Number of protein chains: 2
Amino acid sequence: MSFSTPPTIGVFDSGFGGLTVLRALLRRMPQARYVFLGDTARLPYGSKSRRTIARYAAESAQFLVNQQGAEYLVIACNTASALALDAIQEAVSVPVLGVIEPGAAAAHAASKNGDVLVMATDATVRSHAYAAACQKRGLRALEKACPLLVPLVEEGWLPLQEAIPQQVEVTEQVIRIYLQQLREEAAAAGLTPDTLVLGCTHYPLLRTMIEKAVSPGVRVIDSAESAAETAAHQLAARLEGTTSSGEAELRCFATDSIEKFERLGSRFLGRPVGTVELVDLGG
Amino acid sequence: MSFSTPPTIGVFDSGFGGLTVLRALLRRMPQARYVFLGDTARLPYGSKSRRTIARYAAESAQFLVNQQGAEYLVIACNTASALALDAIQEAVSVPVLGVIEPGAAAAHAASKNGDVLVMATDATVRSHAYAAACQKRGLRALEKACPLLVPLVEEGWLPLQEAIPQQVEVTEQVIRIYLQQLREEAAAAGLTPDTLVLGCTHYPLLRTMIEKAVSPGVRVIDSAESAAETAAHQLAARLEGTTSSGEAELRCFATDSIEKFERLGSRFLGRPVGTVELVDLGG
């Protein structure tokens, strides 16, 4: 048995929602090293053109690979995965994994009848990236934009320790309303979905609440978990023989707005994010 | 009595929320001509630096004055009013009015005991522009960021004709929760507020709901209305002798995302926005 250096995994998001993907990666590969970059100065990517998003994402990927030594990249951002995966793959020479393909693959594995629902942000839905990735696998997907869920998560109206019951009830009610709309739209489209994909990196914090609210028999797929599973599979050989020294090594970078990142980040990561380092990637 | 050409009033916002200010202007000065610009390609201003916001706002103001002939400018955007009013005034040679000073002035006129609450977006609260404008007038102001209100308005979870009762109840409950938090924070700070300022151009659509939910005796100030009142006062001499030819002349411009503007704009304006023209102000 040979001991080798653990690999450095770069994780990129336009904000800090992608910390839920990092959390899933840490759980599966505690022996790896991690570098996370949130391009917070230039968010939201969702309202920008494909060309601009591709440039931002490529610059961010190059920072993680060329300056931080990442040997493998996870694009923990649905918008960048949908619109800039090719550009990122061209910009760096290491393997690059997005969140959409693993999510669609997991939906394919889970669904018995091929009818799938996708909850996501407005920008992700407008890209129709999940619908395309599902269609490629013979699934029929119905996508729904749920713009209230990200601000509810960021407000912390969640069943956390310090939760206020009325706030949690609002989030439960919003989830029920969106799911009811999805059921009606699915029925109108002649679909009988048995699988629901959480297509936004903020939604893992709502997973338990959503699982309680879906129709019986509907399986909930968390694309953050699916991406981490795929990454662990692809890195299995590279990880063999490396040892974990307790808590994984992690460095977090942001291009701006470190305050919000540090304040909310630990809720997404499930452990303190520590000091977030500011980095300037230019305009 | 002399007949003269009606003045052209330029109205600027980073998005289309400022259409509520335009609506208030139209009601007070139906005989004027209007040019509205939403800098939708570069929103949200709230997450950007003061220098960047100043440049964007100055370019937008110059478009309205130099290319569209605006003789008077209303900055119907709290972030730009808070961070870029000086830069706009330097960039153009016509009078410029923001929404914050009129809002604070109206609070000063309304409050008997000088204790004032302000509901606004996170960016406006972080600028503390309302607190400063209130303090200048001897008022004590408590500001609260209410990040869920803008997405609730944009989702249309409002008591409109086509409203779904469960959705309206969510918005009512969110308003009650924010107001309860404000009451607790005010009590902790030793304030007994008798006035509440709506410090976001989206909030006029929630005014009736907020008025129902505030404590008895609290007066609600809508800074969009206050700004329109100030503008009408300042333009009174210029408007004298001009005649209204029925529906006011209005042209709307946006730098991107015309779809959302056209879809949601009429709800904010209270009448159809018509065709929104795309304009390129550069990066």
Side-chain angles (χ1 to χ4, degrees), chain A residues 14-15 38-49 51-52 55-56 121-123 126 144-157 163-181 184 202 254-261 263-264 280 282-283, chain B residues 14-15 38-49 51-52 55-56 121-123 126 144-157 163-181 184 202 254-261 263-264 280 282-283:
Chain A
S14 57
D39 190 12
T40 47
R42 306 193 284 197
L43 66 80
Y45 278 17
S47 57
K48 298 187 171 67
S49 69
R51 195 174 143 190
T52 302
R55 178 163 68 84
Y56 290 173
T121 64
D122 190 41
R126 274 187 286 113
K144 180 162 183 62
C146 305
L148 286 163
L149 298 184
V150 165
L152 282 165
V153 169
E154 295 200 350
E155 278 284 72
W157 290 21
I164 295 166
Q166 290 90 328
Q167 296 178 349
V168 180
E169 283 160 24
V170 165
T171 306
E172 286 169 345
Q173 180 66 1
V174 170
I175 289 170
R176 273 195 297 268
I177 288 171
Y178 281 139
L179 287 174
Q180 179 58 28
Q181 289 175 340
E184 288 166 14
H202 277 66
T255 53
D256 200 357
S257 313
I258 280 175
E259 180 274 327
K260 198 173 175 189
F261 194 137
R263 181 164 49 86
L264 298 182
D280 185 3
Chain B
S14 57
D39 191 12
T40 47
R42 307 192 285 198
L43 65 81
Y45 278 17
S47 57
K48 298 187 172 67
S49 70
R51 196 173 142 189
T52 301
R55 180 164 65 83
Y56 289 175
T121 63
D122 191 40
R126 276 187 286 113
K144 178 159 185 65
C146 306
L148 286 164
L149 298 185
V150 166
L152 281 166
V153 169
E154 295 201 349
E155 278 282 71
W157 292 20
I164 295 168
Q166 290 90 325
Q167 296 178 349
V168 179
E169 283 161 22
V170 166
T171 306
E172 285 169 347
Q173 180 65 2
V174 169
I175 288 169
R176 274 195 297 268
I177 289 171
Y178 280 139
L179 286 174
Q180 179 58 28
Q181 288 175 340
E184 289 166 12
H202 277 66
T255 54
D256 200 359
S257 314
I258 280 175
E259 181 273 325
K260 198 173 175 187
F261 194 137
R263 182 164 49 84
L264 299 182
D280 185 2

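Within every chain, numbering begins at 1; the chains are lettered A, B, ... in the order of the sequence lines, protein sequences first and strands thereafter. These numbers were taken from a predicted model, which means no experiment stands behind them.
Atom CG in L152(B) sits 5.0 Å away from atom CG in L148(A) (nearest 0.5 Å).
Scored by the side chain to side chain contact (heavy atoms under 4.5 Å, CB included) test, E169(A) finds P165(A), E172(A) as partners (sequence neighbours excluded). Not counting sequence neighbours, the partners of Q181(B) by the side chain to side chain contact (heavy atoms under 4.5 Å, CB included) test are Q167(A), K144(B), I177(B), Y178(B), E185(B).
Nearest heavy atoms, P151(A) versus P147(B): CB-O, 4.3 Å.
Contacts between E155(A) and chain B at a heavy-atom distance below 4.5 Å involve the side chain alone, from C-beta outward.
Heavy-atom neighbours of R263(B) CZ from other residues, nucleotides or ligands within 6.0 Å: above the threshold of 12.
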